[in-house]
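Every chain is numbered from 1, with letters handed out A, B, ... down the list of sequences. Computed from a predicted structure; not experimentally measured.
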Amino acid sequence: MLWLALHLPLLPLEAFCAALPPHRREGAVALIAEHRITHVNAAAAARGVKPGMKRATALALAADLLLGEDSAPREAAARLAVAHAALAFTPAVTLHEDDTVLLEVQSCLRLFGGLRRLLVRLHDAVAPLGHRVQRAAAPTALGAALLARWSPAGRGSLLAGPHVSGPQAARLAALQALLDEAPVWLLGPGREHWEALQGMGLQRLSDLRHLPRAGLARRFGAALLDDLDRACGQQADARCWLELPERFESRLELFTLAENTEQLLAAAGVLLARLVAWAQARCARIAAFTLTMHHEARHAAPVPASVLRVELAEPSLAAAHLQLLLRERLARLVLPAPTLELTLQCHELKAGAAANGELFPTRAGESEGLVRLLERLRARLGDERVLRLLACADHRPAQASRSVPALRPGDGASPSRSSLRASARAAAPAMSALLSPPAVNAALPLHRPVFLLPEPLPLGERGALPVFEGRPLQLLSGPERIEVGWWDGAPEARDYFIAECADGSLVWLWRARLPAPAGQVQWYLQGRFA
Amino acid sequence: VAVPPALSEPETLHPALWRAHRLGPARAPVFGTGFAALDAELPGGGWPARALTELLLPHAGVGELRLLAPALAALQGQERSLIWFDPPAEPCAWALEALGLRTRQLVVVRSRAPLKGRAREILPAADTLWALEQALLSGHVGAVLAWLPARLPGDALRRLQLAAQAHDGAAFLLRDEAAHQRPSVAPLRLLLASAAPDVLRVRLLKRRGPPLVRPLDVALAPVLAAPALARSRAGRRALPAAVPAPAEALPL
């Protein structure tokens, strides 16, 4: 067995600071529980604020001290995110006390190419969560946890040497030698008896081990000995493994009311980092997620929460990309009231790893980059503004060509034939009317204009000829009669002509098949040949 | 006094230098226009990559897409995509197919124009420029066509030109001809007008090389069949006395 321990010494403070606006994280911050300071950050410690002080004492030392309540659920959420990040590497992950995550990695060392590479990847996975991490490796779970917490100066990272490689017995011996030097307060039960142990002159774990076991157990309880035995590998240490939830949900209560989307985005970044850690553990990519913003009640009336759903055309695991999409979406959102709390939910994942990255630009890389670009454009401009053209088998110009949203959630690489069919299915009720566009056919005549006016433009008439911009048009080609649509309620019976403008450009006109009554418009401009 | 060889041929010193009486070299790959006469007048022999190309039109629909279609179709043939920003009307998929363009590799972005059937909302032009810049910067687009208003701040154009340097494809800005009096950073500017049906008159307003005095008449892919063309010629012979052709009256 080889255990890795990730000890998070500053977890409560970091979990609290994540909900602060960025500029306030630099100042003096302390956490308080039952009127006593429990945790201080470096800036507060420099001013003399120490854990255990009363609130009034701390405020006398640093008047601008930012005091936050110590909140167990908040810490649990942050700790869980670290555990999720670890679950991406091994299924054997467990929590130890309040601030340590333990991983059993012996079985996956080969997969990741050795402990050193595994540690680098683990570091990369945990780093976005923004916690200070003390790491240690040991052949027993408790031993690793103790070493990580102790993290003795001058002993290196404790991640190399005989307690990592070599047979189990040799590793246990090395661990024991290392633990003999450790102070007694490291052991959980030892911390309660710290005063008594010190009074008896017992400083190190080796001192404890040299005492008669029966007497030690009578004075300090069997728990102390049990822990010592487990740490040294002389007693079994059963652990419950953490299970990964099917759905992701994480909440973040903001310390100050978020008035604008910039503040929201900073806080949502924390949640997104947790989401990515969870999705990585599920070996899947995120297809859609929902951000819910709970608002402050206004005039004693509750304001309904704003819900922002972000769908990705191409499932992704890149936190930066998700953040970018969220930024564009949030920028368009008008918040009804300041926001108190954020919730991020996700249960839509696409299993399977993303395609490999490419060293040189390739077609696949370009298509993926294009989808990303279109996603960005869509996030800012809206779904109905990033369009793709669809050719339909219809003679009526208004129906022959249709614009549909270019990206549909769940599409693969977008401008491809498969996704076109998918969007065709989604866009049109009449499947049969839609064709996938034919292969390029140079033999198609150019008798359709590229630009079609959305509404036909009525034209005047002079001497039986249509007039456009004050000049008569010269009819060159036509009539081409289009008389269809009697079966679907939008019948059309028109004669189309190609005409030449005064400057030589070509336009497309039509006239109703049955002459209109005198005095009414006969001619309509439909399009221009570009 | 012997002139050092570098000074006798200063254009060899730096790729940005060229002799004023010759066409400059292309600084990036070019895409052939598909029209030999036009290729001969463009630096490098085609539409430049990594630079803006401005096309100035009296109105939409003088044949600009038939001018660009061969180059765009060739780009699509390399499996690269097109993005069009704010085309002046609804593009017709069948007409594009007939021009050799594949609509599945074409994305139309409506960043400003009011949508059909919706309230007439006009997004601020900042969104247009942002979207255009993103497309150019991404480097994943084969060609970008943007129909921009004639009035554009100079720094916006400069920003686009900087963004275009990251864009490994052609970038065309189509603007109203009113913009041709204003300075522009685009290294290639063309003024298009219709000379006759299926003939496009191209004036090169700006290029790396000597100014081109005579406009170039480019025969486009014909829309009209032969009898219709003959009818047009017959009509033109009768017409000039009555109607002066406005294409000739354009100030240069």
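For the atom pair CG of B:Asp127 and CZ of A:Arg385, the computed distance is 8.5 Å after rounding to the nearest 0.5 Å. Interatomic distance, B:Leu224 CG to A:Glu500 CD, rounded to the nearest 0.5 Å: 8.0 Å. Separating the CH2 atom in B:Trp84 from the CG atom in A:Leu387 is a distance of 13.0 Å, to the nearest 0.5 Å. Interatomic distance, CG of A:Leu452 versus SG of B:Cys92, reported as 4.5 Å (0.5 Å rounding).
Top candidate by heavy-atom pairs under 4.5 Å with chain B, chosen from A:Val507, A:Ile498, A:Leu476, A:Leu475, is A:Leu476. Counting heavy-atom pairs closer than 4.5 Å to chain A, the top-ranked of the candidates B:Gly63, B:Pro227, B:Ala221 is B:Gly63. With chain A as partner, the option from B:Leu229, B:Leu200, B:Val223 having the largest number of non-hydrogen pairs under 4.5 angstrom is B:Val223. Comparing B:Ala95, B:Pro197, B:Ser138, B:Gly139 by heavy-atom pairs within less than 4.5 Å of chain A, the highest count is held by B:Pro197.
With a 4.5 Å cut-off on side-chain heavy atoms, A:Val450 and B:Leu99 count as touching. A:Leu506 has its side chain within reach of B:Asp198: a pair of non-hydrogen atoms, C-beta onward, lies under 4.5 Å apart. Annotation: side chain of A:Leu370 is in contact with side chain of B:Ile83 (closest heavy-atom distance under 4.5 Å). With a 4.5 Å cut-off on side-chain heavy atoms, A:Ser505 and B:His59 count as touching. Proximity of A:Ser403 to B:Glu90: side-chain heavy atoms (C-beta onward) are separated by under 4.5 Å at one or more points.
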### Query
Are A:Arg388 and B:Val108 close enough, and set up right, to give a side chain to side chain contact (heavy atoms under 4.5 Å, CB included), and what steps lead you there?
CA-CA 6 Å; A:Arg388 189 170 45 195; B:Val108 177; over 6 Å; no
### Task
Show the numbers, then the answer: is there a side chain to side chain contact (heavy atoms under 4.5 Å, CB included) between A:Leu389 and B:Arg104?
CA-CA 7 Å; A:Leu389 295 178; B:Arg104 69 184 168 94; over 6 Å; no
### Query
What's the verdict on side chain to side chain contact (heavy atoms under 4.5 Å, CB included) for B:Val107 and A:Leu374, showing C-alpha distance, side-chain angles and the deciding distance?
CA-CA 9 Å; B:Val107 176; A:Leu374 295 182; 3.8 Å; yes
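Taking both residues in full, the closest heavy atoms of A:Phe451 and B:Glu64 are given as CE1-OE2, 3.7 Å, listed atom of the first, atom of the second, then distance. Taking each heavy atom of A:Arg376 and B:Trp130 in turn, the nearest pair found is O-CH2, 3.6 Å.
Within residues 167-174 of chain B, no residue has any heavy atom less than 4.5 Å from a heavy atom of chain A.
Both the backbone and the side chain of A:Leu377 come within contact range of chain B, judged by heavy atoms closer than 4.5 Å. Only the backbone of B:Ala196 comes within contact range of chain A, with heavy atoms under 4.5 Å apart. Contact of A:Glu328 with chain B is made through the side chain alone, with heavy-atom distances under 4.5 Å.
For B:Trp94 (side chain) and A:Ala391 (main-chain N/O), no donor-acceptor pair under 3.5 Å exists by modelled atom type.
For the residue pair B:His140 / A:Arg372, no side-chain donor-acceptor distance below 3.5 Å is found, with atom types taken as modelled. Residues A:Gln474 and B:Ser232 have side chains that never bring a donor and an acceptor to within less than 3.5 angstrom of each other.
Residue A:His395 places its NE2 atom among 12 or fewer non-hydrogen atoms of other residues, nucleotides or ligands, all under 6.0 Å distant. More than 12 non-hydrogen atoms from other residues, nucleotides or ligands lie less than 6.0 angstrom from CZ of B:Arg231.
Judged as a salt bridge (charged side-chain N to carboxylate O under 4.0 Å, His left out), and not counting sequence neighbours, A:Glu461 has no contacts.
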